[in-house]
Amino acid sequence: MRGRPRVKICGIRSLVDAELAIKAGAQAIAFNFVPTSKRYIHPEKAREIIQVLPPYISVAGVFADEPRYSVEEIVSFCRLEVLQFHGHEDPEYCRRWSYRIIKAFRLRAEGATTVSVGALASWEELLREAGRYAEVCAFLLDTDVPGLGGAGRTFDWSLVQGDLPKPVIVGGGLTPDNVGAAIMALRPYAVDVASGVETNGQKDGAKMRAFVQAVDVAGELDDEDELDDASEW
Ligand SMILES: O=C(O)c1ccccc1N[C@@H]1O[C@H](COP(=O)(O)O)[C@@H](O)[C@H]1O
């Protein structure tokens, strides 16, 4: 992909965070329902925020290894539109949802020599895993870090050596300074950021604006390289 990637800002915990992200130009925001995450938000609070959002902003929920009934309950209570499964969910778990599903794969961190259980260390492993998840709408490529995600660390981008069968969202340690390079290297459908737009653990409006501007610049450069191709997302 091709052209200007979409931006998702993850770990929204207040209405102010949501407003800043939307004003900065994000197309999607996400609420984190992983209980161990420092960005966890209670469903009641997420629902309050979602109820007053303007239209045309995609709203996602991040889950990791959560029982299905519990996800169903939170999704319908909060009226989420897209679900991001960030744990060890297998292809069977990712089937037969009435919502769009993004499956996250955790890739070897830049500079690391080993990976944790379920994380991927080569293009061949990634390609094989991606082929198993027929019913998801996109893959999120994130970094293998303790706590499953959100640590602000990049993965080894050279592991990605071609196209995957679904649109690719790139996350993991992106910042206003490196997101342009990530886009030029990986040409994703979308980029995803949590830590890189925060200061002292709080969402930072200036960093969010700088992030979206960096995506705009890289997206324009990418556009110049591309002929319109309606067959690609
Ligand atoms: O943000 C978290 O705390 C988190 C916890 C558990 C699973 C996923 C989490 N966040 C996701 O991690 C990536 C990258 O975050 P970062 O930019 O490196 O901080 C992002 O996709 C979040 O959705």
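Counting convention: from 1, in listed order, for ligands and their atoms alike. No experiment lies behind these values; they were computed from the predicted model shown.
Atom CZ of Arg100 has 12 or fewer heavy atoms from other residues, nucleotides or ligands within 6.0 Å.
Arg39 and Ser195 form a side-chain donor-acceptor contact under 3.5 Å, judged by distance and modelled atom types alone. When only modelled atom types and interatomic distance are considered, Gln84 and His86 share a side-chain donor-acceptor pair under 3.5 Å.
The closest approach between Glu198 and ligand 1 stays at or above 4.0 Å for every heavy atom of the residue. Heavy-atom distances between Gly172 and ligand 1 reach below 4.0 Å in at least one pair. The closest approach between any non-hydrogen atom of Gly171 and ligand 1 is not below 4.0 Å.
Among Gly150, Ser37, Pro35, the residue whose heavy atom sits closest to atom 3 (O) of ligand 1 is Ser37. Nearest to atom 8 (C) of ligand 1 by heavy-atom distance, out of Arg106, Lys8, Arg153, His86, is His86.
A ring-centre distance under 6.0 Å is found for Phe105 and Tyr133.
Interface of Gly173 with ligand 1, defined as ligand atoms under 4.0 Å from a residue heavy atom, comprises 16 (P), 17 (O), 18 (O). Close approach of ligand 1 to Ser195 is summarised as follows: ligand atoms under 4.0 Å from at least one heavy atom of the residue are 16 (P), 17 (O), 19 (O). The atoms of ligand 1 that sit less than 4.0 Å from any heavy atom of Val193 are 17 (O). For ligand 1, the atoms sitting less than 4.0 Å from at least one non-hydrogen atom of Arg39 are 1 (O), 2 (C), 3 (O), numbered in the order shown with element in parentheses. With ligand atoms numbered from 1 in the order given, ligand 1 contributes 18 (O), 19 (O) to contacts under 4.0 Å with heavy atoms of Ala151.
In this structure, the protein non-hydrogen atom closest to atom 17 (O) of ligand 1 is Ala194 N, 2.9 Å. Nearest to atom 6 (C) of ligand 1 among the protein's heavy atoms is Gly147 O, 3.5 Å. In terms of protein heavy-atom proximity, atom 21 (O) of ligand 1 is nearest to Asp192 OD2, 2.9 Å. With respect to atom 4 (C) of ligand 1, the closest heavy atom belonging to the protein is Asn32 ND2, 3.2 Å.
Closest heavy-atom contact between Ala121 and Leu159: O-CD2, 3.3 Å. The heavy-atom pair separating Ser37 from Asn32 by the smallest distance is OG-ND2, 3.4 Å.
The aromatic rings of Phe85 and Trp97 sit tilted relative to each other, their planes meeting at an angle between 30° and 60°.
If you chain together hydrophobic residues whose side chains sit under 4.5 Å apart, Phe31 and Tyr40 never meet in one group. Hydrophobic clustering (side-chain heavy atoms under 4.5 Å, transitive across Ile, Leu, Val, Met, Phe, Trp, Tyr) groups Ile101 together with Leu141.
Here Glu92 pairs with Arg95 in a salt bridge; the nearest charged N to carboxylate O distance falls below 4.0 Å. The pair Arg128-Glu125 does not meet the salt-bridge criterion, since no charged nitrogen lies less than 4.0 angstrom from a carboxylate oxygen.
With a heavy-atom cut-off of 4.0 Å, Ala64 does not touch ligand 1 at all. Using a 4.0 Å cut-off between heavy atoms, Cys10 contacts ligand 1 through its side chain alone, with no backbone atom that close. Using a 4.0 Å cut-off between heavy atoms, Leu140 contacts ligand 1 through its side chain alone, with no backbone atom that close. Of the heavy atoms in Thr143, none comes closer than 4.0 Å to ligand 1.
Here the straight-line distance linking atom NZ of Lys203 with atom CE of Met208 works out to 6.5 Å at 0.5 Å rounding.
By the 3.5 Å distance cut-off applied to N or O atoms, Asp142 is counted among the residues near ligand 1.
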